[in-house]
Chemist: 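Please see the structure below; I have some questions.
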4 protein chains.
Amino acid sequence: MTGPQTTRRKRANGVESRQRILDATVEIAGERGYDGTSIAAVSAKCGLPASSIYWHFKDKDDLIAAVIERSFETWLKAVELPGDDAGTPLERVVLMAGNVARSLLAAPDFLRLGLMLALERRPTEPRGRAVFLQVRDISHRRIAGIITDLFPSLTEDEVQTLTTYAVAGADGLFVHREVQGESVDLVALFELHARLIHDAAARTAARAGR
Amino acid sequence: MTGPQTTRRKRANGVESRQRILDATVEIAGERGYDGTSIAAVSAKCGLPASSIYWHFKDKDDLIAAVIERSFETWLKAVELPGDDAGTPLERVVLMAGNVARSLLAAPDFLRLGLMLALERRPTEPRGRAVFLQVRDISHRRIAGIITDLFPSLTEDEVQTLTTYAVAGADGLFVHREVQGESVDLVALFELHARLIHDAAARTAARAGR
Amino acid sequence: MTGPQTTRRKRANGVESRQRILDATVEIAGERGYDGTSIAAVSAKCGLPASSIYWHFKDKDDLIAAVIERSFETWLKAVELPGDDAGTPLERVVLMAGNVARSLLAAPDFLRLGLMLALERRPTEPRGRAVFLQVRDISHRRIAGIITDLFPSLTEDEVQTLTTYAVAGADGLFVHREVQGESVDLVALFELHARLIHDAAARTAARAGR
Amino acid sequence: MTGPQTTRRKRANGVESRQRILDATVEIAGERGYDGTSIAAVSAKCGLPASSIYWHFKDKDDLIAAVIERSFETWLKAVELPGDDAGTPLERVVLMAGNVARSLLAAPDFLRLGLMLALERRPTEPRGRAVFLQVRDISHRRIAGIITDLFPSLTEDEVQTLTTYAVAGADGLFVHREVQGESVDLVALFELHARLIHDAAARTAARAGR
DNA sequence: TATGAATGAGACTTCATTCAT
DNA sequence: AATGAATGAAGTCTCATTCAT
């Protein structure tokens, strides 16, 4: 720390440069989308010349995909795993939803950029889009698992529908907050969402249980 | 000269040219977003040279905004107004949701392009974004009106929350179908959405009524 | 005057339209030069569509040339012809210089635009440039005549040199005022200019007379 | 590799490329002015693609300003500093004027382009115009200093007026030669100019001295 | 007398990418 | 591990001009 601080830093530090580039890219791409993210803008924001970006990443596509991957991991770390014990199914579901909402507020880049990529349709799909869809498939399966655990009597089809509804609703609420701004209480909306889904599941399970 | 109208073509027809340009733009912008929509691409698709596009529209921003406006009107026409009589609140709400879902399948451009613009944050906001948000505010108010009519005992706050949830959920379901493709049964999801909201509203109203 | 004022004006008034176009052009060309003067800008300033400009003028070159011609005539009217009698040669010369200075202040467009055209060298010389140089040749000859009248003993060469010096100096002072702004007392500078030239002529004449 | 320096060409030589661009620009801008100088023309003349020009200069404005700066320096080098001793004030003044005239003939770009920029009035003033005016202010002050040295009894106001007249007259003579062509003997005109100013200064000083 | 519409050429500028060092 | 310099393609938009009405 008090060592050769002037000598260190600068002059070949691959890992840090890579991070700097990713940091800059996530910021720009999260605001401007794929086409709106220019290598020159990334270069300006991270301070490294454009050619250095190409040392770390094959091309723009590769860079964006890397951003998606890293921001997914960041987000994963932000989602606290729910204590599997807790209380009633409703309580547990609401708790989980609140956690997810909070994680999205803390690390919104993944979903924000992902949704932008997902909405766009370009001749040659960016790799980042595939990464996003694939990664979000994991979330889908995980939620389906939770629902199955909580309501074992539901059919596979019913679970799938509820899961789709849960994920899509979350997307919509997230978009709403991104568009409408900080005044939106995302946690409350997510909890409402969870409650409605729980009720629907419970009612369906009850009906099915007969 | 007085022959069939099919012969009449080429040379100075402002109204038709304008439509051709808008048609081309809506198609491209709906798939590629703001940055991805190049004037050259629009020109190629509509057959008019790029400079002609600038005779009809001040700049790209103006063009995109016009597209948003026109596609909103197209969509409005596609939404059938619900028969105000019908049966129970639940039946009516589900019917309306189905209608909206069908209208979005028939005319998806408005919401698709609008959501893309809404998610982007660029230094100088495109006018189209403002148009979209403003126009969607109208939808919000209309839905709030319907909920108030059906459940007069709800407080203003409760109506607002439910409306926000309804609109955001619809956005999410729409995005889901756009991303996942034609296999998604948007009508069914919208009807489920409507049912859950109805139940929530009914339960809240009942509790409040006590 | 109180007649059908609504009917009149508008609907085909060629003369007035021509004036409107020239008025707009002189303003723009006087500030921006040849290349900087776009037909679109002229159209916007005069309110007539670009195609109307081409009804009145063959092309841009023709328009600029017409502007030069008209502004020369305007300027000519602004120069008061000096009473040929008056007092001493010095008094008469100073009076004339003051008049010219005042005329340039009242109608600066001719010289301003002309100098801009004169300085530019383009592959195909604009006709306006030729008009300017030719018209200014008239001024040159007129001044040479005055000098010859006042100092008959000067040789043709001496008159030519003094005339060139007089005209060029006037250009320089005019440019100075255009660049430096209204704080410059152009009349005083022109009078100084005249005095110096007079003295030089007088001294040369005296030396020659011996 | 270690061969003659003529072989060394092509591929990445920033300094030389910058010079090539400036050389090309000064030639074009000196003839065509700001608007008449197209990046494409500069590119064609210097052999580098247009995009390379933008690596060396932020935009066209920056390029033109750089040209003004460099051509000023070139011109400064061309003006020989007058031996401060020499003979009578008249001789010294005439000598200086001749030197300036010769320097303008050798390096006319600075004044030529500068005057064109100075005459134009565009909505957003090119930076080059400001550079020119500011740099020419230096010349003004220097000349004022010389006049004060030679005629210490002149008032500040008298010095300023004579200086303004000197500079403006020089501009006018320069323009005259640019317009009229090589047949004009600029050195002779400048010497005449100097003589007239000297006489005026001497006479004013004499009158004041009484 | 006037104009709405069209058009190809060309303006400035940014793009993603490469390459030699 | 990094970067200065270069580059062709493409971006948005304006240009002067024409033509049918």
Side-chain angles (χ1 to χ4, degrees), chain A residues 10-18 21 35-43 47-63, chain B residues 10-18 35-43 47-63, chain C residues 10-18 21 35-43 48-63, chain D residues 10-18 35-43 47-61 63:
Chain A
K10 202 82 208 180
R11 197 86 319 241
N13 184 340
V15 176
E16 194 212 310
S17 289
R18 214 187 123 97
I21 294 167
D35 283 300
T37 300
S38 79
I39 299 294
V42 172
S43 158
L48 296 169
S51 46
S52 291
I53 298 175
Y54 281 87
W55 195 91
H56 290 278
F57 302 93
K58 191 172 96 38
D59 55 17
K60 185 174 160 174
D61 216 49
D62 192 35
L63 171 60
Chain B
K10 200 91 215 184
R11 281 297 123 181
N13 184 337
V15 177
E16 193 211 309
S17 290
R18 212 187 127 98
D35 282 301
T37 302
S38 81
I39 300 294
V42 173
S43 159
L48 292 167
S51 47
S52 290
I53 296 175
Y54 282 88
W55 199 89
H56 292 277
F57 302 93
K58 195 173 88 44
D59 55 17
K60 185 173 161 175
D61 216 49
D62 193 33
L63 171 59
Chain C
K10 202 82 211 184
R11 194 93 312 244
N13 184 339
V15 176
E16 195 212 309
S17 289
R18 214 186 123 97
I21 294 167
D35 282 301
T37 301
S38 79
I39 300 294
V42 172
S43 159
L48 295 169
S51 47
S52 292
I53 297 176
Y54 281 86
W55 195 91
H56 290 278
F57 302 93
K58 191 171 97 35
D59 55 17
K60 183 174 161 176
D61 216 48
D62 192 35
L63 171 59
Chain D
K10 200 87 213 188
R11 282 293 124 180
N13 183 339
V15 177
E16 194 211 310
S17 290
R18 213 188 125 98
D35 282 301
T37 302
S38 80
I39 299 294
V42 173
S43 158
L48 292 167
S51 48
S52 291
I53 297 176
Y54 282 88
W55 199 89
H56 292 277
F57 303 93
K58 195 174 87 45
D59 54 20
K60 184 173 163 175
D61 215 50
L63 171 60

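A, B, ... follow the sequence lines: proteins, then strands. Residue 1 opens every chain. Bear in mind the structure is a predicted one, so any value in this text is a computation, not a measurement.
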Chemist: What is the distance from NE2 of D:H56 to C1' of F:dA5, rounded to the nearest Å?
Modeler: 6 Å

Chemist: Does the C:S43 side chain pair with the main chain of C:I39, one donor and one acceptor, at a distance under 3.5 Å?
Modeler: no

Chemist: Can you tell me the distance, in whole Å, between the CD1 atom of A:I53 and the P atom of F:dA1?
Modeler: 17 Å

Chemist: Walk along nucleotides 10-15 of chain F from 5' to 3' and tag each nucleotide B, S or - by protein heavy-atom contact under 4.0 Å, base first, then sugar-phosphate.
Modeler: -SSBBS

Chemist: Roughly how many Å is it from CG in B:N13 to P in E:dA6, rounded to a whole number?
Modeler: 7 Å

Chemist: Whole angstroms only, please: what is the CD-P distance between B:E16 and E:dG4?
Modeler: 19 Å

Chemist: Is B:S52 close enough to E:dT7 that one of its side-chain N or O atoms is under 4.0 Å from OP1 or OP2 there?
Modeler: yes

Chemist: What are the two closest non-hydrogen atoms of D:T37 and D:K60, and how far apart are they?
Modeler: O-NZ, 2.8 Å

Chemist: Rounded to the nearest angstrom, tell me the gap between atom CG in B:L48 and atom P in E:dA5.
Modeler: 12 Å

Chemist: Any chance you could measure C:I53, atom CD1, to C:D62, atom CG, to the nearest 0.5 Å?
Modeler: 12.0 Å

Chemist: Which dot-bracket string describes DNA chain F (Watson-Crick N1-N3 plus N6-O4 or O6-N4, or G-U N1-O2 and O6-N3, all under 3.5 Å; [ ] crossing; | other strand)?
Modeler: .||||||||||||||||||||

Chemist: Expressed as a whole number of angstroms, how long is the span from B:W55:CH2 to E:dG8:C1'?
Modeler: 18 Å

Chemist: Round to a whole Å and report the spacing from CZ of B:R18 to C1' of E:dA6.
Modeler: 16 Å

Chemist: Just N and O in the side chain of C:S17: are any of them under 4.0 Å from OP1 or OP2 of E:dT1?
Modeler: no

